[in-house]
Asks: 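My questions all concern the structure below.
Every number for a ligand or one of its atoms is a count from 1 in the order of the listing. As the structure is a computational prediction, the values presented were derived from the model and not from experiment.
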Amino acid sequence: MPVPMMLDDFLAYTLAGTRPAANETQGVCANGVRWSWLDDGVLVLEPAALEPGTRSVLVSAGVHGDETAPIELLAFLVRDIAHGSAALTCRLMVILGNVDAMRDALRYRDDDLNRLFSGRHLQVPQSHEAPRAAALEQAAVQFFTAAPDAPGARWHIDMHTAIRASAFEQFALLPHTGKPCSRVMFEWLRQARISAVLLHTTRGTTYSHFTAHACGADACTLELGKVRPFGENDLTRFAGADLALRHLLDGTQGEADAALPRVFTVIDQLTKQSEAFELLFAADVANFTPFTKDTLLARDGEYRYTVRHDEERIVFPNATVKPGLRAGLLVIETTQQTLAQLV
Ligand SMILES: [Zn+2]
C-alpha cells in the first residue's frame, strides 16, 4: 500500500507548510491504521479495531522549535506505523508543537510556547505563539474527550531536549496534580532510561500541566539530552525513550532492568524581579548541580537566595529570562518517600 508523503516524512511535510486537500485529510495505512490530519503538525492515528478501554496517548515534540532530536524520533515513529513496521494498539495523537519556530531553528519567536498553556496565552494575545497554544490546547481536549477516563487510559508524553548539560542526562518533569504519582508512569520512565524525575509542587503553564489538569492525562515532560540542529543528532542516545514509547504504543512490555528514577521535589524558585538579577555561579552549570547549606545563589537588589537545606540542587537556571519570570528551580531529593507512595 503506498504511504502518503505526509506520513512518510511528517517533519518535512509540516516544515514545508503543506496542507492536504479537503478530501485527503484522512486515510488508512498499514495494518488498517486510520489516520487523520487535523492541523499543521497535528495527526491522529488509530488502530483498525478500537476495543473499549483502548489507551489514548498524546506524544508531542518541538514545543520548543530548536529541540530537534525528539521531533525526528516522532516523525520516524509515524513513518514506521504507516509502513507497518511499528504496531499500534492505542489511539495516538502526534503533535509537532512550535512549527514556525522549528522552521527558523529557534526555541520560540515571541514567547516560550511552553509557558503559555492553561490559558496563559490569553494574557499575551499579540504574541506569535498565542494562537498556537490555544490550538494545541483544543487539539488535546478534543482527542481526550473521545477517550475513556479509567486510570492509566490517558497519557501525554511531551519530549524535549535541554539547553544545558545535566548531572542526570535524561530526566522527566511531572506536573503538580495534588495526587500521589502513578506507579505505571514511573515504571514507564524506568523503561525509557530516565534516571531522575522532578516533581513540581505548584501548577505551571506547560503543555503537560495543561493535559494533566484539563484532560486528566498521566502527563510528563521528558528532557532527553542536549539541543543540536536537524540531522546532527545521534539518535542512538535517545534509544531508551524511543523504545519505551514504541512499547507503550504497541502494548507490549519492555525491559525493566534499570533502577527506578531518583526523585527530586521543587522547594523554591528563583524569580527575576529586575534587570539587576544575578546568578552567583557559573553560567554553564549543569542541571541538578548540588549546593550546600548557606551558599548564596542569586541576588536582585535587596533580594537574596541562600540555600537552606543541607543540599539543594539547581535546575534550569537562566538569568536572561524576562523580569517577572522564573530564573531557576531549587529541588531536594525525595526518592524514598515518593517511591513508597506510588499508587
Ligand atoms: Zn524544551
Asks: If you check every N/O/S atom of His64, which is the one nearest the Zn ion (ligand 1)?
Replies: ND1

Asks: Would you please indicate if the ring centroids of Phe264 and Phe168 are separated by under 6.0 Å?
Replies: yes

Asks: Begin from the C-alpha positions of His156 and Phe210 and carry the test ring-ring contact (aromatic ring centres under 6.0 Å, His included) through to its verdict.
Replies: CA-CA 10 Å; His156 176 204; Phe210 174 77; 9.1 Å; no

Asks: Pick one: which of Leu45, Leu43, Leu58 meets side chain to side chain contact (heavy atoms under 4.5 Å, CB included) with Met93?
Replies: Leu58

Asks: Using ring centroids (six-membered ring only for Trp), state whether Phe281 and Phe291 fall under 6.0 Å.
Replies: yes

Asks: For a distance under 2.8 Å, tell me if Glu67 has an N/O/S atom near the Zn ion (ligand 1).
Replies: yes

Asks: Would you name the N/O/S atom of His160 that lies closest to the Zn ion (ligand 1)?
Replies: ND1

